[in-house]
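Every chain is numbered from 1, with letters handed out A, B, ... down the list of sequences. What you see is a predicted model, and the numbers here were worked out from it, not measured in a lab.
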Amino acid sequence: MKEYNPKSIEAKWQKIWDDNKVFAARIDTPEDKAKKKFYALIEFPYPSGQGLHVGHPRSNTAMDIISRKRRLEGYNVLFPIGWDAFGLPTENYAIKNKVHPAIVTEKNIAHFKDQLKRLGFSFDWDREIDTTDPDYYKWTQWIFLKLFEQGLAYKSKMPINWCTECKVGLANEEVVNGVCERCGAQVIRVERSQWMLKITEYAQKLIDGLDDVDFIEKVKIQQRNWIGRSEGAEVDFYVPAIDEKLTVYTTRPDTLFGATYMVVSPEDPVIDKVKDIISNYDEVAAYKAEAAKKSDFERTELVKDKTGVQLKGIYAVNPVNGKEIPIWTSDYVLVSYGTGKIMAVPAHDDRDWAFAKKFGLDIIEVVAGGDVQNAAFTDIESGVMVNSGFLDGLSVKEAKVKIIDWLVDKGVGIRKVNYKLRDWVFSRQRYWGEPIPIVICDHCGYVPVPEDQLPVKLPDVESYVQTDTGESPLVNVPEWVNTTCPKCGRPAKRETDTMPQWAGSSWYFIRYCDPHNKDEYISKEAMDYWMPVDWYNGGMEHTTLHLLYSRFWHKFLYNQGLISCPEPYQKRTSHGMILGENGEKMSKSRGNVINPDDIVDEIGADSFRLYEMFMGAFDQAIPWSTQGAKGCYRFLERVWKMQDFLTEEEEISEALKADVHTTIKKVTEDYEKMKFNTAIAALMSLVNSIYACGKLSKGDFKAFLLLLNPVAPHITEELWEICNIDSAPLYKAKWPEYDEKAMVKANVEIVVQICGKVKAKIVIPTGLDKDATQAAALADSKVKEIVGNSQIKKVIVVPGRLVNIVI
RNA sequence: GCGGAUGUGGUGGAAUGGCAGACACGCUGGUCUUAGGAACCAGUCCGAGAGGGUGUGGGUUCGACUCCCACCAUCCGCACCA
């Protein structure tokens with residue numbers, strides 16, 4: 001027997017798989033199409049300069065296991081790979097080192113590809129895509145134009161999140177704790193004209209669609225929370241001084257009788273309108289200026305301490321009782337949610353209560369059950385309406401229905417659903433992104449670039465740095481910017497903003513089905529066969545970003561009749577992070593980064609993959625342990641040496657046979673549930689049993705190799721070949737099946753408890769009935785001794801498991 | 001504050017109503033060795049033992065890591081969303 005040499009084995013099989021295109025997904029022949037399809041997807045990597053980190057292989061290996069298992073089960077499997085290559089780090093690197101981002105990208109991709117190939121993933125490399133390839137982003141631009149045609153892409157001057165460091169506008173999703181998700185610099189609000197995508201139009205569809213897909217529950221919950229649907233009413237408050245209605249949004253219309261003042265956000269246009277009417281405009285204007293200066297971070301920091309100014313000299317009329325209430329402005333009311341105005345009910349809302357206490361405003365109880373002078377009473381389950389005219393005596397729930405009917409009837413309010421979700425800021429003032437295919441014409445406005453002129457390619461520029469005003473470096477390329485209007489033919493300018501990183505990844509799973517199509521973004525044939533993705537694994541950090549954005553694009557395409565399924569992903573799972581050996585998040589600055597290359601060099605890809613799957617529960621964060629990885633290498637060495645155990649015997653023992661079948665069942669089921677750690681533990685146990693026997697039949701070895709193959713594909717193929725398990729290679733074999741009958745052993749050990757404490761163990765024949773089991777337990781000498789003369793009150797028998805005697 | 005999770009040996013974890021600690025890592029002792037950071041063998045929850053033991057306190061049950069109630073701790077996400 002040769003020594004186990006992972007390096008040569010792995011190189012050998014990777015070449016065989018490649019040369020024979022073993023993992024190519026095809027629908028060329030009727031036989032291909034007759035097969036059941038399985039589309040497995042991982043989030044395509046961003047090819048950063050640092051190369052692959054150990055997080056990538058965790059997701060990749062998991063889906064590789066599922067894909068390999070599916071192939072052995074006879075499915076036609078699509079398991080593609082590509083590059084999400086537009087983005088800031090590459091651009092920043094390009095700026096610093098004065099290299100074209102395309103060259104940096106090419107270099108990084110080559111490095112990533114090399115690293116991934118060494119790990120032996122069964123990707124279909126013929127379908128490799130790259131979001132920065134004009135042949136790819138042509139279709140990204142094409143989809144943008146579809147959105148534009150339907151009015152879902154629009155330009156709007158609005159306050160956006162501006163990163164002071166990256167000098168770039170950010171989506172809400174990219175702002176974390178008031179700082180830039182990427183660089184950590186402060187984010188401030190600035191007014192800018194931006195391209196926006198109307199994801200809000202799909203808010204309800206994005207919620208509803210979750211009912212029809214198999215996503216892990218926490219993903220669904222997080223998406224629902226992020227979209228933030230709430231039901232309530234809009235109510236009009238008349239303001240006599242300007243003869244206008246101010247409309248507020250509330251989820252508690254039942255508390256309308258308790259509204260003692262009104263608050264508008266500092267940005268509300270009504271402030272301008274009352275400029276000459278109110279007596280303290282200077283004070284209000286100063287407050288407004290102060291609020292505008294505050295960054296989001298400062299605004300959230302001051303959560304507890306409420307500020308505000310009354311608009312003195314005017315009041316609003318509560319439609320339900322004609323009461324005149326003061327109007328205030330405060331930054332605890334957000335311009336971007338609801339109507340930007342609220343009715344304040346301090347008795348039943350914590351924020352209003354804090355504000356009212358600070359400024360000495362009235363607190364009127366309208367729901368009985370609390371002590372509203374000491375704290376807001378916000379329980380909506382138990383309260384009964386009081387001080388509320390025709391609502392008195394009703395429950396909160398009943399009052400809600402009745403008041404809305406009343407408001408609608410009187411024409412002073414409507415039922416209203418609101419969402420926290422905002423439209424998606426889609427412009428970036430950066431170079432390394434897809435150009436937005438729009439021409440700005442003084443006469444015609446925003447004019448889409450005609451389809452036959454796509455792609456609008458990125459021109460070369462001298463410098464990738466934004467201008468001082470924060471515009472895209474593309475403005476410095478006059479020969480590119482200056483063009484003619486496709487509509488009227490007069491001189492016009494190209495849009496210089498580019499798309500955000502999220503654009504290319506919002507539809508890449510569609511392109512994988514038909515990556516080389518020059519005429520369409522996907523053919524009908526490929527779409528009908530491959531879509532939707534059957535199983536998508538990825539990180540939780542993408543739940544409210546990529547995962548939501550791509551569902552939005554997909555639903556839009558579905559609405560346009562451009563794709564045949566309403567949801568892109570049938571199933572979504574998520575892996576836990578791999579931490580450094582010290583239990584902290586892996587990062588360069590902490591110096592705890594593990595490079596997969598080093599591990600593969602030392603113990604090989606199979607051991608590396610095995611350890612990544614064995615280290616712990618797949619969905620939990622787990623610290624890396626290089627020692628643990630070496631333990632997996634030891635296991636594979638033991639597997640390697642099993643070739644010496646092979647005998648001509650067909651069955652070694654009944655017990656081993658039962659072990660093999662039990663393991664087939666366990667491993668088959670555990671892989672499906674992504675319980676890779678216990679599947680591998682079962683395989684290790686089986687190896688321990690085989691070692692105890694010291695011999696092994698070919699049939700048992702065959703089953704074992706197939707079970708281990710998805711995790712450790714190289715060593716299993718090699719052993720299959722050298723032990724001559726079959727004339728065809730393992731990758732052409734069939735997944736093993738288990739026989740329930742073979743899993744049953746002749747005898748079984750059961751536990752005898754006395755009053756719930758284990759006192760003895762007895763071996764009885766399998767299948768013994770309750771009475772016989774009980775008799776066997778009572779006949780045991782140790783049991784007899786303990787029971788003695790005590791009276792037996794009760795005996796519980798669980799056949800095949802235990803007997804519990806209560807005395 | 002709201003939402004979600006997690007809590008078991010020295011470590012990663014297993015067991016989802018039926019023998020707690022499977023499977024590994026580490027450690028201890030041994031075999032072989034010039035050597036061992038290799039390989040193999042034995043041991044390894046605590047306790048001398050009876051017995052005790054899954055964050056804490058209660059409950060349900062013949063029986064609870066598992067189910068119920070209350071609490072504590074840690075992690076993650078969202079956060080003035082009316």
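Remark: Tyr337(A) is in phosphate contact with rA82(B), judged by side-chain N or O atoms under 4.0 Å from OP1 or OP2. When the side-chain nitrogen and oxygen atoms of Lys759(A) are compared with OP1 and OP2 of rG51(B), one or more of them lie within a distance under 4.0 Å.
Between Phe359(A) and Phe355(A), the ring planes lie tilted relative to each other; the angle falls in the 30° to 60° range. Note: His542(A) and Trp502(A) have perpendicular aromatic rings, judged against thresholds of 30 and 60 degrees for the angle between ring planes. Using cut-offs of 30° and 60° on the angle between ring planes, the pair Phe608(A) and Trp624(A) is tilted.
Using a 4.0 Å cut-off between charged side-chain N and carboxylate O, Arg252(A) and Asp349(A) make no salt bridge. A salt bridge does not link Arg58(A) with Glu43(A): none of the charged nitrogens is closer than 4.0 Å to a carboxylate oxygen.
Using atom P as the reference point in both rU8(B) and rA15(B), the two lie 15 Å apart (nearest Å). Annotation: rU60(B) and rU74(B) have their C1' atoms spaced 29 Å apart (nearest Å). Of the C1' atoms belonging to rU31(B) and rU11(B), the separation is 28 Å, rounded to the nearest Å.
Paired regions of RNA chain B, where each region holds three or more successive Watson-Crick or G-U pairs whose two hydrogen-bonding distances fall under 3.5 Å, are B:1-7 with B:72-78, B:10-12 with B:23-25, B:26-31 with B:39-44, B:55-59 with B:67-71.
When heavy atoms are screened at a 4.0 angstrom cut-off, Lys585(A) is found touching no nucleic acid atom at all. Note on Ser230(A): only backbone sugar-phosphate atoms sit closer than 4.0 angstrom, heavy atoms only; bases stay farther off.
Side chains of Asp362(A) and Tyr261(A): a donor-acceptor N/O pair is absent below 3.5 angstrom, by distance only. A donor-acceptor pair shorter than 3.5 Å can be found between the side chains of Tyr337(A) and Ser230(A).
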Completion exercise
Expected string for nucleotides 14-30 of chain B under the B/S/- scheme (protein heavy atoms, under 4.0 Å, primed atoms plus P, OP1, OP2 as sugar-phosphate) is SS--BB--BBSSS----
Handout entry: Worked check of side chain to side chain contact (heavy atoms under 4.5 Å, CB included) between Ile199(A) and Leu206(A)
Key = CA-CA 9 Å; Ile199(A) 190 172; Leu206(A) 288 167; 4.0 Å; yes
Practice task
Begin with the C-alpha distance, continue with both residues' side-chain angles, and end with the deciding distance and a verdict on side chain to side chain contact (heavy atoms under 4.5 Å, CB included) for His348(A) and Asp254(A).
Solution key: CA-CA 11 Å; His348(A) 305 291; Asp254(A) 51 294; over 6 Å; no
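To the nearest angstrom, P of rA38(B) lies 12 Å from OH of Tyr633(A). Separating the CD atom of Gln620(A) from the P atom of rC75(B) is a distance of 15 Å, rounded to the nearest angstrom.
With rA82(B), rC80(B), rA39(B) as the candidates, the nucleotide lying closest to the side chain of Thr251(A) is rA82(B).
Against the 90° criterion about 0, the sugar-base torsion of rG47(B) places it in the anti range.
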